[in-house]
Amino acid sequence: MFFLTEFKQAIATTLSQKTQIEFQALDISLNTSDKFQTFDLTWTAFALLKHKITLETLNETVKEALGDSIDSVEAIKGFLNIKLSAKGMSRALDDLETISLTEKSISFSQNRKILLEYCGPNTNKPLHIGHLRNIFLARSLSHCLRFSGNEVHEVTIFNDRGIAICKSMVAYHLFGNGQTPESLDIKPDKYVGDLYVKISQTLKEQTQVLIQQGVSPKEAEDQTPIMKLAREFLLKWEDGDKVIKALWEQMNHWFYSGFDKTLETLEIDFERKYYESQIYLQGKDIAQEGLNKGVFDQNEDGSISIDLTEEGLDIKTILRKDGTSLYITQDMALAQNRFEDFAMDTLIYVVGEEQEYHFKVLKHILLKLDYPFAPNIYHLSYGLVVGSDGSKFKSREGTAVDADDIIDSVVEQAYLQAKSTEKNASLSENELRTIANQVALASIKFMMLKVYAKKKIVFDPKETVDIHGDTGGFILYSLVRAKSILAKNELAVITDFAVSELYELSEVRALVLHMTSFEEILFKTISEHNPSEMALYSLNLAKLFNKFYQVYPIRDNSSEIGRNFGLYLVSRYVLMMEKCLYCLDIKPAERM
RNA sequence: GACUUGGUAGCUCAGCUGGAUAGAGCAACUGCCUUCUAAGCAGUAGGUCACAGGUUCGAAUCCUGUCCAGGUCACCA
């Protein structure tokens, strides 16, 4: 919003001259006015009244500083309400010309090399609704960062080893009966997940039996036959036992083939995939490096730890006394590997809020080890997706909302809507399906993105995701209508639009002014790692366009310039919204 | 216990670097398609901004305390 900055500067300069007090553009609280339809900008100047500057002085200052950019000023209490003239509005329009360029040419263009980790699936269960929030947040942030001129590398880590997958393996060992996802005709990752649910139930039952037999609840689970077997599997796996490794690979293969399918639906891919099974033994080198640098402490029992009490954290163990690594050690090694692979200067983790402490610790450790990217480690943490009663979804108990299921149900809803729309009567089944997919994905993405990341999302699995109202579908629809106008009307040569009749409608003024703040919102989004900022901006943009659409005739406009101006605005809207959708990682639909 | 995040309409959420009458969507009700896509637009109704103090010209917004809910504080991942 460059014109606003210019206006602030002009006001500050004029005011300084008038009052002999020095003012900066930052001191001028000038913003778009959303309270009154009759004004465009409001300068909230209560603070200045204290300097014994009168309202009249402020009034004159505005008139002098902004000159023919304003139509009128009204001073009420400490508010200076400003109505822009045609000249002022067209100055705002000029901003659109600068913004509506391609990525990397925006005013604050950055040039960072960013590594973005997200998703982080466990290979013992299919993706659930929580992963969707993770993925969509990450993708949106990724696109906002790219749009801002950064180089972004998207990677993930598969948690493909450990006791959890061993439990699924035990389940297959016990209940599998040689069946396969193919023979059962279910999605392979779901088969693995089902086994996990089944084994968890059995484990619970066995635990209960032991508790009734007098075993303390703390130890009961550990002593169940299933846990004993799972631990045995884990040991054998670590020893490289061929049979167990083969079973492990079979289970993981099932997971990956289903997982890849879901990724395809979501239209995402990772530039590089890391596997816990390949790095879980690393970390000893890092531990030694830390010891050498005097950052880590060797304890009497042989374990290695770091004292972070000065940073307000605790003493954290880095390496067990038996020399094996921990979660934190693995993440240290992973960061090191990634630095070797990408030489990034910024590292962003998109991981749930329950791991805030972990990433805080990780950042401090890497800072102490002097990794160059360490100061630029960020954790985009987000709240859980919970049931309507506030309860947690648990994969273990099979209550998790499956990602594929939720997508399918919204696609179905969108399909019915598309099919019942008269305009779509001529469309083929395939085309209707494409539309349904686009609308469904857009709506699910938007549902996840519009809510502030730190807030938990309440989702009732019994209700489907809405595609009407404040949704992704709504946004796509407004864009489809705008494009339809452009297709049916020829865009004339852009002329001078500093003509006052063109700005009589408040809907026109509001749309223009909102569009000028795109860059500001983009900058805020990436600075705060908060895609909801961009999502809400886009939603409001669509709303303003719809209002404009409703009241501003284009084809039947009585004046030539009015028609051209309308078309020009629509074309700006299309460009702007396409940028917004790119930043949200939502694909526009061609028809709806 | 300590730290941390939230509490705004029946439901789901905006608004929070203090400003004018607290905004959307869903659900309910009423209008608007021979007119560029009605997946839309316009309207009605719905509020003690958790509670109590404080700061000031002014508080949903800032401060303090209380209550409620989530999360974390492992030689688990």
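Everything numeric in this text was worked out from a predicted model, so none of it was measured. Proteins get letters first, then strands, A, B, ... in listed order; numbering begins at 1 in each.
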Nearest to side-chain heavy atoms of Gln550(A), which nucleotide of C57(B), G40(B), A77(B): G40(B)
hbond_proxy Asp314(A) side chain to A2(B) base (donor-acceptor, 3.5 Å cutoff): no
Integer-rounded Å distance: A39(B) C1' and Tyr415(A) OH: 16 Å
Nearest-Å distance for atom pair CG/C1', residues Asp389(A) and C68(B): 16 Å
Lys392(A) side chain near G71(B) phosphate (N/O to OP1/OP2, under 4.0 Å): yes
ring centroid sep under 5.5 Å plus plane angle under 30, Phe79(A) with A20(B): yes
Residue-phosphate contact under 4.0 Å: Tyr357(A) side-chain N/O, U72(B) OP1/OP2: no
From A38(B), G70(B), C76(B), nucleotide with atom closest to Leu326(A) side chain: C76(B)
Sugar-phosphate, base or nothing in reach of Tyr327(A), heavy atoms under 4.0 Å: base
N/O (side chain, Asn546(A)) to phosphate O (OP1/OP2, C41(B)) under 4.0 Å: yes
Under-3.5 Å donor-acceptor pair between Thr42(A) side chain and A20(B) base: yes
Check: Asp466(A)/Thr471(A) side-chain N/O donor and acceptor closer than 3.5 Å: no
Glycosidic conformation of C49(B), taking syn as within 90° of 0 and anti otherwise: anti
Residue-phosphate contact under 4.0 Å: Ser484(A) side-chain N/O, C36(B) OP1/OP2: no
Integer-rounded Å distance: A77(B) P and Asn124(A) CG: 15 Å
Sugar-phosphate, base or nothing in reach of Ala487(A), heavy atoms under 4.0 Å: nothing
Shortest side-chain distance from Ile485(A), nucleotide among U5(B), A39(B), C36(B): C36(B)
Distance below 4.0 Å between Lys488(A) side-chain N/O and U37(B) OP1 or OP2: yes
Check: Ser420(A) side chain, Gln417(A) main-chain N or O, donor-acceptor pair, under 3.5 Å: yes
For Ile318(A), the option from Ile306(A), Leu326(A), Val295(A), Asp297(A) that meets side-chain contact (heavy atoms from CB on, under 4.5 Å): Ile306(A)
Side chains of Tyr327(A) and Asn159(A), donor plus acceptor under 3.5 Å: no
Proximal nucleotide (of G71(B), A39(B), C57(B)) relative to the Thr421(A) side chain: A39(B)
Touch class at under 4.0 angstrom, heavy-atom based, for Tyr549(A) against every strand present: base
Arg481(A) vs A39(B): side-chain N/O to OP1/OP2 distance below 4.0 Å: no
Closest listed nucleotide, where the reference is the side chain of Arg555(A) and the choices are C36(B), A39(B), C26(B): C36(B)
N/O (side chain, Arg320(A)) to phosphate O (OP1/OP2, C76(B)) under 4.0 Å: yes
Sugar-phosphate, base or nothing in reach of Ile554(A), heavy atoms under 4.0 Å: base
Sugar-phosphate only, base, or nothing, as touched by Leu536(A) at under 4.0 Å among non-hydrogen atoms: sugar-phosphate
Touch class at under 4.0 angstrom, heavy-atom based, for Val439(A) against every strand present: base
Side chains of Ile279(A) and Asn337(A) in contact at under 4.5 Å (non-hydrogen atoms): yes
Lys455(A) side-chain N/O to G7(B) phosphate OP1/OP2 under 4.0 Å: yes
G40(B) OP1/OP2 closer than 4.0 Å to side-chain N/O of Lys547(A): no
Geometric cation-pi criterion Lys316(A) and Phe296(A), 6.0 Å radius, 45° cone: no
